[in-house]
Amino acid sequence: MLSAAYFRELVSGQRQGPAAHMLRGLLRLAELPYAWAVKRRNWAFDLGQKERLGVGIPVISVGNLTLGGTGKTPFVEWLTRWFMHRGVNIALVSRGYKAAQGAPNDEAQELAQKLPGVPHLQNADRVAAARLAVQKFQAELVILDDGFQHRRLERNLDVVLLDALEPFGFGHLFPRGMLREPLSSLGRAQVAVLTRADMVNDAERARIRSVVLHYAPHIAWAECRHAPHSLLLSDGQQEPLEAIRNRRVVAFCGLGNPAGFRHTLAECGCNVVAWREFPDHFVYNQNSIQELSLWAASHDVEAVLCTHKDLVKLAVNDLGNRPLRAVLVGLEFLRGQEELETNLETLLTLCPNVK
């Protein structure tokens with residue numbers, strides 16, 4: 001079994017040598033049946049052979065084309081607040097990827113802390129979850145988290161997020177690359193949002209946009225960044241970022257794209273003297289917490305930093321007698337916010353009881 005880090009190095013071409021070359025060849029062969037299955041499934045929906053089901057209220061899908069993190073959680077938070085501020089009763093629906101039996105997964109726990117009172121239903125049957133949101137919580141609009149590939153639930157708006165660092169999955173479908181489906185699928189979306197756009201230059205942003213417009217000429221385009229704004233303790237208290245500025249820290253994360261968190265730490269102005277990466281949705285148990293505590297204690301630092309997604313699973317205020325803090329980020333648009341909001345405003349007229 002390949003680790004997430006090794007797999008990324010392999011499919012990106014960073015890993016060199018005869019063994020890596022042979023593995024990429026084997027993965028290329030495995031890509032072919034995967035591509036065929038994806039194409040066949042999409043055709044079935046496009047031709048009406050597979051039924052798409054509505055739930056009587058507007059649905060917005062927030063998804064991506066690639067494996068790994070594209071910053072969906074900050075965008076879902078922003079989107080939810082946008083509709084809440086306009087009086088819409090919102091419910092979130094997601095699959096609940098890697099959730100323990102009967103418990104919310106890490107992303108749901110993170111959103112529950114950021115959006116208290118907003119129902120979040122996790123179910124592999126997202127149609128059933130959306131119907132329950134209407135029946136039990138009187139939802140007027142559903143946000144389908146990570147829903148671009150889940151075509152059974154009818155939606156009014158498809159928003160696709162692209163990570164500026166890895167927008168196109170290294171040019172291949174899984175398992176040879178990190179694409180969930182071909183770039184031509186962008187034609188189904190109405191909005192594309194380039195996340196972490198501040199991590200690449202203007203020329204690269206323009207190149208990514210030109211590729212997207214090739215497959216979806218009429219798509220609305222926006223660019224945003226994840227801006228750090230405060231530190232969070234596991235008990236819910238917050239501290240200013242100044243508490244870690246110019247301070248020695250160790251940091252770790254379990255994300256689909258850890259490079260984004262490294263960039264966030266650089267913006268915070270702290271001195272990261274040691275760093276660890278874990279797989280996305282990593283489950284921290286007593287052994288891993290003890291290991292992290294020993295690791296933190298072995299360094300002369302003033303704090304241990306992680307993401308909010310990690311903190312909700314750790315539920316401790318310190319590691320190795322060093323204070324543990326999550327760096328909270330918020331979405332900031334660099335361009336395209338007005339065009340995005342124009343698309344959102346058209347859905348307000350479809351929401352029950354919203355004037």
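Small disclaimer: the values here were computed from a predicted structure and weren't measured.
- No more than 12 heavy-atom neighbours from other residues, nucleotides or ligands sit within 6.0 angstrom of CZ on Arg95.
- Rounding to the nearest 0.5 Å places CG of Leu194 at 11.5 Å from CE of Met199.
- The closest side-chain heavy-atom distance from Cys268 to Pro228 is below 4.5 Å.
- Hydrophobic clustering (ILVMFWY, side-chain heavy atoms < 4.5 Å, transitive): Val11 and Leu67 are in one cluster.
- Between Val329 and Thr264 there is a side-chain heavy-atom pair separated by less than 4.5 Å.
- To the nearest 0.5 angstrom, Leu141 atom CG is 8.0 Å from Asn156 atom CG.
- A distance-only check finds a donor-acceptor pair linking the side chain of Arg155 to the backbone of Gly147 [under 3.5 Å].
- Classification of Arg205 and Glu223 as a salt-bridged pair holds, one side-chain N sitting under 4.0 Å from a carboxylate O.
- Using a 4.0 Å cut-off between charged nitrogen and carboxylate oxygen, Glu302 and Arg322 do not count as a salt-bridge pair.
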Go through the steps to decide whether Met178 and Phe7 satisfy the test side chain to side chain contact (heavy atoms under 4.5 Å, CB included), and finish with yes or no.
CA-CA 10 Å; Met178 298 186 70; Phe7 175 74; 4.1 Å; yes

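- Ring geometry, Trp78 versus Phe333: the interplanar angle exceeds 60°, so the pair is classed perpendicular (tilted spans 30 to 60°).
- Atom NE2 of His21 sits in a sparse spot, with 12 or fewer heavy atoms from other residues, nucleotides or ligands closer than 6.0 Å.
- Both Leu179 and Ile219 are assigned to one and the same hydrophobic cluster, defined by single-linkage of ILVMFWY side chains at heavy-atom distances under 4.5 Å.
- A salt bridge between Glu181 and Lys39 is absent, with no side-chain N of the basic residue lying under 4.0 Å from a carboxylate O of the acidic one.
- Clustering ILVMFWY residues whenever any of their side-chain heavy atoms sit less than 4.5 angstrom apart, transitively, puts Val55 in the very cluster that holds Leu144.
- For the pair Val327 and His308, the minimum side-chain heavy-atom distance is 4.5 Å or more.
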Run Leu331 and His226 through side chain to side chain contact (heavy atoms under 4.5 Å, CB included) and show every step you take.
CA-CA 5 Å; Leu331 203 70; His226 296 156; 3.6 Å; yes

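- Linking Ile, Leu, Val, Met, Phe, Trp and Tyr whenever their side-chain heavy atoms come within less than 4.5 Å leaves Val249 and Leu314 in two separate clusters.
- In this structure, Ala216 and Leu186 approach most closely via the heavy-atom pair CB-O, 3.5 Å.
- Contact check for Leu340 versus Trp221: no side-chain heavy atoms found under the 4.5 Å cut-off.
- Arg126 approaches Ser94 most closely through the heavy-atom pair CD-C, 4.0 Å.
- The line from CH2 of Trp275 to CZ of Phe252 is 9.5 Å long, rounded to the nearest 0.5 Å.
- For Glu9 and Arg15, the salt-bridge test passes: some basic side-chain N is under 4.0 Å from an acidic carboxylate O.
- No more than 12 heavy atoms of other residues, nucleotides or ligands shown are found within 6.0 angstrom of CD on Gln286.
- Residue Asn285 places its CG atom among more than 12 non-hydrogen atoms of other residues, nucleotides or ligands, all under 6.0 Å distant.
- One N or O on the side chain of Glu31 and one on the backbone of Leu173 form a donor-acceptor pair closer than 3.5 Å.
- With a 4.5 Å cut-off between side-chain heavy atoms of Ile, Leu, Val, Met, Phe, Trp and Tyr, the cluster of Leu32 takes in none.
- The two residues His281 and Lys309 come nearest to each other via the heavy atoms CE1-NZ, 3.7 Å.
- With Glu204 contributing its side chain and Leu165 its backbone, the two residues share no donor-acceptor pair below 3.5 Å.
- Separation of atoms CZ (Phe174) and OG1 (Thr66) is listed at 13.0 Å; rounding is to 0.5 Å.
- Contact record, Asp106 with Val312: O-CG2, 3.8 Å, taken as the closest heavy-atom pair.
- Side-chain contact check for Cys270 versus Leu305: some heavy-atom pair is nearer than 4.5 Å.
- Residue Pro33 comes nearest to Leu29 through the heavy atom pair CD-O, 3.2 Å, listed as atom of the first residue, atom of the second, then distance.
- Counting heavy atoms from C-beta outward, Pro119 and Leu92 have side chains that stay 4.5 Å or more apart.
- A salt bridge links Arg276 with Glu291: the distance from a Lys NZ or Arg NE/NH1/NH2 to an Asp or Glu carboxylate oxygen falls below 4.0 Å.
- With sequence neighbours excluded, no residue satisfies salt bridge (charged side-chain N to carboxylate O under 4.0 Å, His left out) with Lys72.
- Arg151 contributes no side-chain N or O that, together with a main-chain N or O of Phe45, makes up a donor-acceptor pair within less than 3.5 Å.
- Gln337 contributes no side-chain N or O that, together with a main-chain N or O of Leu334, makes up a donor-acceptor pair within less than 3.5 Å.
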Could you walk me through whether Phe282 and Tyr284 pass ring-ring contact (aromatic ring centres under 6.0 Å, His included), step by step?
CA-CA 6 Å; Phe282 184 74; Tyr284 297 96; 5.0 Å; yes

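- At most 12 non-hydrogen atoms from other residues, nucleotides or ligands lie less than 6.0 angstrom from CD of Glu338.
- Between Pro58 and Cys351, some side-chain heavy-atom pair lies under the 4.5 Å cut-off.
- Judged purely by atom type and a 3.5 angstrom limit, Asn317 uses its side chain to pair as donor or acceptor with the backbone of Ser234.
- For Glu51 (side chain) and Gly48 (main-chain N/O), no donor-acceptor pair under 3.5 Å exists by modelled atom type.
- At least one side-chain heavy atom of Leu232 sits under 4.5 Å from a side-chain heavy atom of Leu311.
- Between the side chain of Asn89 and the backbone N or O of Gln138, at least one donor-acceptor pair lies under 3.5 Å.
- For the pair Arg248 (side chain) and Asp300 (backbone), a donor-acceptor distance under 3.5 Å is present.
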May I have the step-by-step check of side chain to side chain contact (heavy atoms under 4.5 Å, CB included) for Asn271 and Arg247, ending in yes or no?
CA-CA 6 Å; Asn271 179 14; Arg247 303 298 177 87; over 6 Å; no

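- Here the closest heavy-atom approach between residue Val93 and residue Ala129 is recorded as CG1-CB, 3.8 Å.
- Both Leu27 and Phe168 are assigned to one and the same hydrophobic cluster, defined by single-linkage of ILVMFWY side chains at heavy-atom distances under 4.5 Å.
- Put simply, CZ on Phe148 and CG on Leu161 are 11.0 Å apart, with the number rounded to the nearest 0.5 Å.
- Across Asp158, Asp145, Asp146, a single residue satisfies side chain to side chain donor-acceptor pair (under 3.5 Å) together with Ser61, and that is Asp158.
- Atoms CG and CD, on Leu241 and Gln238 in that order, are 10.0 Å from each other to the nearest 0.5 Å.
- For the pair Arg86 and Trp82, the cation sits on the ring face: its NZ or CZ lies under 6.0 Å from the ring centre, inside 45° of the axis.
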Given Leu23 and Tyr6, is the side chain to side chain contact (heavy atoms under 4.5 Å, CB included) satisfied, shown in steps?
CA-CA 12 Å; Leu23 271 175; Tyr6 184 91; 3.8 Å; yes

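- Side-chain atoms of Thr70 do not come within 3.5 Å of backbone N or O of Leu162 as any donor-acceptor pair.
- Every residue was checked against the side chain to side chain donor-acceptor pair (under 3.5 Å) condition with Arg52, not counting sequence neighbours, and none meets it.
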